[in-house]
Structures are given as C-alpha cells and as structure tokens.
Asker: 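Here it is, the structure in full.
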Amino acid sequence: MDVRDEPISLLGEVAGIPSAFEVAAVLRVAPVDGGLGGIALAEEPVAAPWVKDYDLRNDPATWADRFDVAHWGLLAARDGGRWVGSAVVARTTPGLDMLRDRGDTAALWDLRVRPESRRRGVGAALFAAVAGWAARQGSRTLLVETQNVNVPACRFYRRMGCELAGIDRFAYPDLPGEVQLVWSKPLA
C-alpha cells in the first residue's frame, strides 16, 4: 500500500469509497461531579444498531461546488493501484467555520477506508500523510470533526494523538441525539 497526493480535481473519486458504518454504541456526554467538575464521554450500546452513511447528507461530488477547494489536499491510499482509502484536508477556506478563519489551522474534512481494508493500517497511514501535508502547508494545528455516534472514529483519533477540543450537543438540530466532537492535534 502506498499513500500519495492526488489532484483535487479527483474529489469525485472519493465517493467511490463507502463512508457507511454500523452504529452499535454512542458516546454519551455525562457531567462529572454534578456538572461542575467537568464532563466525561460514556460509551453506551444502542438498543437497535443502525447504519450511518455520511454521504447521504454530504456528497463528496458537491464539495467543490460548495467550497473554494483551492487550498485543499486529497490523499489516496492505493493497494495494487486500487484506491482503498482517501483523506481530504482543508485549509484557508472561507465559509468553513471549523477553521475559524485561521491560516495556521487545517481540518481533516474526510477520511474513509473501504470496509474490506479497515483495521489494516490504511487509516493510520492516511492520517500521518494528512498531518505531514498540513504541516508542509504551514498549519500548526489539525482539527477533526466527528460525532458521538462514530465511536470507532473517536477511538482512532485518540490513538492518532488527538485530544478532544470541543463538544457541541446542539450542532445538528435535525439529528437529535448526535453530538459534535472536535478533536485537535498539534503539528510539528
């Protein structure tokens, strides 16, 4: 497997790698010490697992129409020439609130791995490539947004050295029960 930069014009290829995953547990935001001492994320199994597919609400083929992708990077993981994973990283993008109009911050916009290639190091290789790409572009911080329903992603980002930087229980008013979690990783 090798990871390489691809032209941003190939964003449409990202949709060919499924983003769907099964939700078998969620991270519940729980107060610690009556809410005055902090918070904890408590993993709880769901009564009836379901499939979450980010592409149903956020089709990669529309990103270039919705955002100025001139400062975005696309990295592809290939195995024998076939895309087995991809990562999209954004910098200096007007209207992308997550970047907070900071020139020294990058956002991991999307990371996906084919289901049959998951848990084989593809995601870790892509994450390392994203961190390197962002650092070469002058970013000092990498931000990642996910949700409390994506427990495997939360575990993954923690293993990659990210720290929980923000929780917004009301970020998705049309998705009750989903909580926005923003992770942060300092870049060298």
Side-chain angles (χ1 to χ4, degrees), residues 1-6 14-30 39-46 49-58 60 63 72-79 82-91 98-99 105-135 139-169 171-172 175 177-188:
M1 180 200 53
D2 68 300
V3 176
R4 64 178 89 148
D5 288 2
E6 297 289 347
V14 171
I17 302 169
S19 69
F21 61 95
E22 182 180 274
V23 177
V26 298
L27 296 174
R28 184 176 54 83
V29 178
I39 55 145
L41 296 176
E43 185 174 338
E44 294 180 348
V46 297
W50 76 90
V51 173
K52 173 82 177 186
D53 186 350
Y54 289 119
D55 290 345
L56 295 177
R57 297 172 52 96
N58 192 20
W63 296 342
W72 287 29
L74 171 60
L75 298 114
R78 296 175 187 265
D79 188 5
R82 179 177 181 240
W83 281 35
V84 294
S86 68
V88 178
V89 59
R91 290 191 75 251
M98 187 174 177
L99 292 174
T105 302
L108 176 55
W109 183 253
D110 185 79
L111 188 145
R112 58 183 68 207
V113 176
R114 289 191 184 282
E116 66 273 13
S117 298
R118 292 178 184 164
R119 289 176 273 301
R120 294 186 178 162
V122 176
L126 283 164
F127 189 89
V130 163
W133 184 93
S139 296
R140 294 183 5 199
T141 304
L142 179 64
L143 297 177
V144 184
E145 175 187 352
T146 192
Q147 293 73 37
N148 66 322
V149 299
N150 197 345
V151 175
C154 292
R155 288 183 185 140
F156 171 77
Y157 294 127
R158 186 70 184 122
R159 278 194 315 273
M160 295 298 105
C162 297
E163 293 185 8
L164 189 58
I167 298 173
D168 187 344
R169 295 182 8 223
Y172 316 112
L175 297 171
E178 289 202 21
V179 176
Q180 179 190 68
L181 303 175
V182 176
W183 299 87
S184 177
K185 179 174 178 69
L187 302 173

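Every value quoted in this text rests on a predicted model; they were computed, and no experiment measured them. Starting from 1, each residue takes its place in the sequence as its number.
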Asker: To the nearest 0.5 angstrom, please state how far the CG atom of L164 sits from the CZ atom of R158.
Answerer: 9.0 Å

Asker: Assess whether a salt bridge exists between R114 and D79, defined as any Lys/Arg side-chain N lying under 4.0 Å from an Asp/Glu carboxylate O.
Answerer: no

Asker: Identify the heavy atoms of G85 and V122 that sit nearest to each other, and give their distance.
Answerer: CA-CG1, 4.2 Å

Asker: Is W183 close to M160 at the side-chain level, that is, under 4.5 Å between some pair of heavy atoms?
Answerer: no

Asker: Work out which heavy atom in P49 is nearest to a heavy atom in A24; give both atom names and the distance.
Answerer: CB-CA, 4.3 Å

Asker: What distance do R169 atom CZ and I39 atom CD1 have between them, rounded to the nearest 0.5 Å?
Answerer: 10.0 Å

Asker: Could you tell me whether R82 and E116 make a salt bridge, using a distance below 4.0 angstrom between a side-chain N and a carboxylate O?
Answerer: yes

Asker: Before you tell me yes or no, could you show the steps for I167 and L41 under side-chain contact (heavy atoms from CB on, under 4.5 Å), namely the whole-Å CA-CA distance, both residues' side-chain angles and the distance that decides it to 0.1 Å?
Answerer: CA-CA 10 Å; I167 298 173; L41 296 176; 4.3 Å; yes

Asker: Rounded to the nearest 0.5 Å, what's the gap from CD on Q147 to CG on L175? Could you check?
Answerer: 8.5 Å

Asker: Might you work through the side-chain contact (heavy atoms from CB on, under 4.5 Å) test for W83 and E6, ending with a clear yes or no?
Answerer: CA-CA 11 Å; W83 281 35; E6 297 289 347; 3.8 Å; yes

Asker: If you round to the nearest 0.5 Å, how far is OH of Y54 from CG of D110?
Answerer: 10.0 Å

Asker: Can you name the ring pair (Phe, Tyr, Trp, His ring centres under 6.0 Å) partners of W133, sequence neighbours left out?
Answerer: none

Asker: Between V179 and V26, is the side-chain contact (heavy atoms from CB on, under 4.5 Å) condition met? List the steps.
Answerer: CA-CA 10 Å; V179 176; V26 298; over 6 Å; no

Asker: Do S184 and E163 have side-chain heavy atoms sitting under 4.5 Å apart?
Answerer: no

Asker: Do N58 side-chain atoms and W63 backbone N/O form a donor-acceptor pair below 3.5 Å?
Answerer: no

Asker: Looking at every non-hydrogen atom in both residues, tell me the closest pair between D55 and P60 and how far apart they are.
Answerer: OD1-CD, 3.5 Å

Asker: I need the L75 CG to R4 CZ distance, nearest 0.5 Å.
Answerer: 11.5 Å

Asker: Would you say the side chain of F156 lies within less than 4.5 Å of the side chain of C162, judging by non-hydrogen atoms?
Answerer: no

Asker: Of the non-hydrogen atoms in L142 and A107, which two are nearest, and what is the gap between them?
Answerer: CD1-C, 4.1 Å

Asker: Measuring from atom CG of L187 to atom OG of S139, what distance do you get when rounded to the nearest 0.5 angstrom?
Answerer: 6.5 Å

Asker: Taking side chain to side chain contact (heavy atoms under 4.5 Å, CB included) as the criterion, tell me which of L143, T146, V130 meets it with L108.
Answerer: V130

Asker: How close do R118 and P18 get, heavy atom to heavy atom, and via which atoms?
Answerer: NH2-O, 3.4 Å

Asker: On a heavy-atom basis, which atom in E178 and which in Y172 lie closest, and how many Å separate them?
Answerer: O-CD1, 3.6 Å

Asker: After noting the C-alpha distance and the side-chain angles of K52 and E22, does the key distance pass the side-chain contact (heavy atoms from CB on, under 4.5 Å) rule?
Answerer: CA-CA 6 Å; K52 173 82 177 186; E22 182 180 274; over 6 Å; no

Asker: Which residues pass the side-chain contact (heavy atoms from CB on, under 4.5 Å) test with E43, not counting sequence neighbours?
Answerer: A25, L27, V151, R155

Asker: Counting C-beta onward and ignoring hydrogens, is there a side-chain heavy-atom pair between T105 and R140 closer than 4.5 Å?
Answerer: no

